[in-house]
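Some notes on the structure that comes next.
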2 protein chains.
Amino acid sequence: MTDHAATGAAPITLLIVDDHPVVRDGLRGMFESAPGFRVLGEAPNGVEAVSLAAALDPDVILMDLRMPGGGGVDAIRELTRTGARAKVLVLTTYDTDSDTLPAIEAGATGYLLKDAPRDELFTGVRAAAEGRTVLSPAVASRLVSAVRAPGNEPLSTREREVLALVARGTSNREIARELFISEATVKTHLTHLYAKLGVNDRAAAVAAAYQRGILG
Amino acid sequence: MTDHAATGAAPITLLIVDDHPVVRDGLRGMFESAPGFRVLGEAPNGVEAVSLAAALDPDVILMDLRMPGGGGVDAIRELTRTGARAKVLVLTTYDTDSDTLPAIEAGATGYLLKDAPRDELFTGVRAAAEGRTVLSPAVASRLVSAVRAPGNEPLSTREREVLALVARGTSNREIARELFISEATVKTHLTHLYAKLGVNDRAAAVAAAYQRGILG
DNA sequence: ACGGACATCGGCCGATCGGCTGATGTCGCC
DNA sequence: GGCGACATCAGCCGATCGGCCGATGTCCGT
């Protein structure tokens, strides 16, 4: 199928995965009107993406995260597990996505933002096709700090106590009184455990804690 | 042991359970200096409370919730399960405790605040000893609204979507963009699901969702 | 036809959170 | 004896949250 005797060099074949039809159309139009690319298909969620990837065998998969009916990270993990040839380039809508790390860990080759300039997208896809890592600046900076913290840094006793109270809906002030410490200290513990869990707020911290078995 | 021929009427025997020694001392002093009560023992957590209750067979157990090394609710549940004779009177530090319902459901006879006036505590203990329910006004009002909502009201699809994003650390504004709705609507969904889950903030909502299997 | 659950939106406002910067003291390790 | 992890605390400030009021429209069941 992917005969490499067409336009000088063989075009890079693509699979577009996004739950918004508008976005899919936009990406398809963008890549079809540019030389060197070929869009093989589209999928609205992770589950369909996996089966389509098996059927179409694209070079690169442009994948959104956060889709109803089959999350992107799970799809990436599945693709990696089954040894798919395709490189996955995550294309997310907004910057500070808490799934950056999970996606990369799951096997994504790159991570770009949808509002990146066209050229950056093209360059990114070509780089991904060659197996090179592509990261948007914002994501890159998040990564370095995350790499410094492997992911499962253990929480200290105090941090776990604070977190447990947070999970019960306790405010910082109440936590302070409960633990006989000042509110400032509570906030310090929170800041520290946010960093360790790789999150930015208490709700996500609680979720991360449950998923790591720290709570529940 | 509990001979009923002492001070006219038999004194009400107590077991005090709290992780703070200061609080235990305070309660012990208060009840020992009042006629009609007898403090049999103290425990710093729920686990020890259960074994002490079996050994001492008190009439009433004054129980704090939220203790390191054995939560109060679990202890109450265990006491109920084993058919302990003692009535459990929950004595919590601050008002809006998210454990009100779990504690009552687990079998607590009453729920008072520590800053209640002495007389109210005495009255409460006597009432509890007779098996009557004692609730502080704040707790009572929470209960009525909770009774109206049995506890496992199912979340609507939209509410689940919002909640899932909250668990990822997404802000209301981001959720709005993600779901193509306004921030006001996001807040409405949140308010509704808070009510259904019996919580007051997003962190507790995430925790409740995990414990009910809605997330993770 | 009416009520009830759901989804959508608006505005107001006080309370709370989270980030930032910086500081002190303890403890254990090398 | 210094270095790192932990725990404690302070102030500042913008961003966000959550509560409160009310409103519209849909769909469904009776």
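Nearest nucleotide to the Arg158(B) side chain, out of dA7(C), dG19(D), dG18(C): dA7(C). Proximity note for Glu183(A) (side chain, C-beta onward) versus dT16(D), dC17(C), dC9(C): the nearest is dC17(C). Counting only heavy atoms from C-beta on, Ile181(B) has its side chain closest to dT8(C) among dC17(D), dC9(D), dT8(C). In the set dG19(C), dA7(C), dT16(D), dT16(D) carries the atom at the smallest distance from any side-chain atom of Arg173(B). Comparing dC9(D), dT8(D), dA7(C) by their closest approach to the side chain of Ala184(A) singles out dC9(D). The side chain of Ser156(A) sits closest to dC6(D) out of dC6(D), dG19(C), dG19(D). Out of dC17(C), dA7(D), dG18(C), the shortest distance to the side chain of Lys187(A) is found at dG18(C). Set against dA7(D), dG19(D), dT16(C), the side chain of Ser171(A) has dT16(C) as its closest nucleotide.
Nucleotide dC17(C) holds its P atom 8 Å from the CD1 atom of Ile175(A), rounded to whole Å. Remark: P of dG19(D) and CZ of Arg202(B) are 11 Å apart, rounded to the nearest angstrom. Between the C1' atom of dG19(D) and the NE2 atom of His192(B) lies a distance of 12 Å, rounded to the nearest Å. As rounded to whole Å, 13 Å separates atom P of dG10(C) from atom NE2 of His189(B). Computed from coordinates, the Asn200(A) CG to dT16(D) C1' distance equals 13 Å when rounded to whole Å. For the pair Asp201(B) CG and dT16(C) C1', the interatomic distance rounds to 10 Å; values are reported in whole Å. If you take CG of Asn172(A) and P of dG19(C), they are 11 Å apart, rounded to a whole angstrom. In this structure, Leu190(A) places its CG atom 15 Å from P of dT16(C), rounding to the nearest Å.
Contact annotation: Ser182(B) reaches the phosphate of dG10(C) (side-chain N/O to OP1 or OP2, under 4.0 Å). Residue Lys196(B) has no polar side-chain atom (N or O) positioned under 4.0 Å from OP1 or OP2 of dA5(C).
Classification of the Tyr210(B)-Tyr210(A) ring pair by plane angle, with boundaries at 30° and 60°, yields parallel.
Here the closest heavy-atom approach between residue Ser33(B) and residue Arg118(B) is recorded as OG-NH2, 4.2 Å. Pro58(A) and Ala53(A) make their closest contact through CD-O, 3.6 Å (heavy atoms, listed as atom of the first residue, atom of the second, distance).
Between the Glu174(A) side chain and the Ser171(A) main chain, a donor and an acceptor come within less than 3.5 Å of each other. A side-chain donor-acceptor contact under 3.5 Å links Arg212(A) to the backbone of Leu197(A).
One can find a donor-acceptor pair under 3.5 Å joining the base of dC9(C) and the side-chain atoms of Thr188(B).
Among the heavy atoms of the strands lying under 4.0 Å from Thr185(A) is at least one base atom, whether or not backbone atoms are also near.
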